[in-house]
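For reference, positions follow the sequence shown, starting with 1. These values consider heavy atoms only, across backbone and side chains, with no hydrogens, waters or symmetry-generated copies. Just so it is clear, the structure is predicted and the values come from calculations on it, not from any experiment.
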Amino acid sequence: MKTFETTNGVDVGKLVETIRAIREQPEIASFKFRVSNSWVDGGLNQTRIDSFYGACEEVERERSFNLDADEPPLLLGNDNGPNPVEYALTALASCMTTTMVYHAAAQGIRVESVESWLEGDLDLHGFLGLKDDVRKGYENVRVSFKVKADAPPEQLADLARSSPVYDIFSNPVPISVDVEML
């Protein structure tokens with residue numbers, strides 16, 4: 001039996017086992033991630049993350065995560081946390097980094113360091129409904145990486161683009177909204 005090592009902090013043996021298990025039992029690849037959110041006041045709301053569905057079972061996390069979101073004073077908030085569009089950039093940065101590192105490990109590419117900077121352009125005319133031809137969300141997002149690894153930048157960029165959150169940003173995702181009155 002072939003032994004694997006840890007590359008980029010990723011247990012490549014477990015990664016290979018996971019890929020093999022998904023090939024043999026495709027239904028274990030289906031996951032459902034969820035959050036609950038409660039409005040507090042003004043722009044402040046709190047999100048709780050404590051479980052998900054994956055590998056054909058409910059998974060309770062060892063601890064819950066609580067995230068505050070608010071707006072800066074310029075956008076009428078009290079700056080008690082990042083705003084939602086900053087969380088979106090955080091999700092994109094985190095996912096692209098993790099994806100690059102994991103895929104690199106699977107290909108035997110050693111990564112020594114990864115840093116990224118993201119910037120998104122958002123025009124409030126769209127959010128406020130002042131112009132119909134302006135998006136409500138980001139019009140453009142720029143991602144810059146500085147990476148120390150034994151692979152060319154083009155290959156690393158391709159690995160990062162395999163990110164699920166990159167896909168969410170790049171392609172329309174059907175979203176259903178249901179409101180129940182209290």
Neighbour count above 12 (heavy atom, 6.0 Å) for L128 CG = yes
Donor-acceptor pair between R48 and S36 side chains, under 3.5 angstrom | no
Taking all heavy atoms of P73 and all of D79, pick out the closest pair and write down the distance.
-> CD-CB, 3.9 Å
Note, I109 side chain near Q155 side chain (heavy atom, < 4.5 Å) | yes
Roughly how far apart are D123 CG and N140 CG, rounded to 0.5 Å?
-> 13.0 Å
Start with the C-alpha distance between N66 and Q46, add both sets of side-chain angles, then the distance that settles side-chain contact (heavy atoms from CB on, under 4.5 Å), and finish with yes or no.
-> CA-CA 7 Å; N66 296 297; Q46 297 174 331; over 6 Å; no
Show your reasoning for whether side-chain contact (heavy atoms from CB on, under 4.5 Å) applies to V177 and I175.
-> CA-CA 7 Å; V177 177; I175 299 175; 4.3 Å; yes
If you look only at pairs with a residue in residues 104-151, which of them pass as a ring-ring contact (aromatic ring centres under 6.0 Å, His included), with sequence neighbours excluded?
-> none
Nearest atoms (heavy-atom pairs only) where N8 meets A104 = ND2-CB, 3.9 Å
Mind checking the NZ-CD spacing from K14 to E17? Nearest 0.5 Å is all I need.
-> 8.0 Å
Answer yes or no: is there a side-chain heavy-atom contact under 4.5 Å between V147 and M100?
-> yes
Say whether, by atom type as modelled, one donor and one acceptor occur between the side chain of T6 and the main chain of G9 under 3.5 angstrom.
-> no
Heavy-atom closest contact (S116 atom, T97 atom, distance) = OG-OG1, 4.1 Å
For atom CG of D132, decide whether the heavy atoms of other residues, nucleotides or ligands shown that lie under 6.0 angstrom number more than 12.
-> no
For the student: nearest non-hydrogen atoms of L118 and A93, plus distance = CD1-CB, 3.4 Å
Is there a path from Y102 to F31 through hydrophobic residues (I, L, V, M, F, W, Y) whose side chains come within less than 4.5 Å of each other?
-> no
How far does OG of S162 sit from CG of D167, to the nearest 0.5 angstrom?
-> 10.0 Å
Just wondering, are more than 12 heavy atoms of other shown residues or ligands nearer than 6.0 Å to CZ in R142?
-> yes
For F65, check ring-ring contact (aromatic ring centres under 6.0 Å, His included) against everything at least two apart and list the hits.
-> none
State, yes or no, whether a side-chain contact exists between E5 and T7 at a heavy-atom distance under 4.5 Å.
-> yes
Inspect the surroundings of CZ in F169 and state if more than 12 heavy atoms from other residues, nucleotides or ligands are less than 6.0 Å away.
-> yes
Can you tell me how far the CD atom of E71 sits from the CG atom of L44, to the nearest 0.5 Å?
-> 10.5 Å
Side-chain heavy atoms under 4.5 angstrom apart, residues restricted to Ile, Leu, Val, Met, Phe, Trp, Tyr: same cluster for L159 and L15?
-> yes
Can you check whether I22's main-chain N or O pairs, donor with acceptor, with Q25's side chain at less than 3.5 Å?
-> no
Where is the tightest heavy-atom contact between L89 and G120, given as atom of each residue plus distance?
-> CD1-N, 4.0 Å
Is F52 reachable from I28 through a run of I, L, V, M, F, W or Y residues, each pair having side-chain heavy atoms under 4.5 Å apart?
-> no
Indicate whether any N or O donor in one side chain lies under 3.5 Å from an N or O acceptor in the other, for T47 and N37.
-> yes
Could you go through the salt bridge (Lys or Arg N to Asp or Glu O under 4.0 Å) check for E58 and R34 one step at a time?
-> CA-CA 11 Å; E58 285 294 322; R34 58 182 77 99; 2.9 Å; yes
Show your working on side-chain contact (heavy atoms from CB on, under 4.5 Å) between S64 and I49 and close with a plain yes or no.
-> CA-CA 6 Å; S64 295; I49 303 167; over 6 Å; no
Between atom OG of S51 and atom CZ of F33, what is the distance when rounded to the nearest 0.5 Å?
-> 11.0 Å
Show your working on side-chain contact (heavy atoms from CB on, under 4.5 Å) between K148 and V114 and close with a plain yes or no.
-> CA-CA 7 Å; K148 187 170 184 182; V114 180; over 6 Å; no
Between D70 and N78, is a side-chain hydrogen bond (donor to acceptor under 3.5 Å, both in side chains) present by the stated rule, with each step listed?
-> CA-CA 7 Å; D70 199 358; N78 292 311; 4.8 Å; no
Please step through salt bridge (Lys or Arg N to Asp or Glu O under 4.0 Å) for the pair E57 and K32, ending with a clear verdict.
-> CA-CA 10 Å; E57 65 183 18; K32 289 183 186 187; over 6 Å; no
Considering all heavy atoms, the nearest L156-A151 contact | CD1-O, 3.7 Å
Is the closest side-chain heavy-atom distance between L124 and L75 below 4.5 Å?
-> yes
What is the distance from atom CG of L92 to atom CD1 of I168, rounded to the nearest 0.5 Å?
-> 9.5 Å
Test item: V59 and Y53 side chains (from C-beta on) under 4.5 Å apart, heavy atoms | no
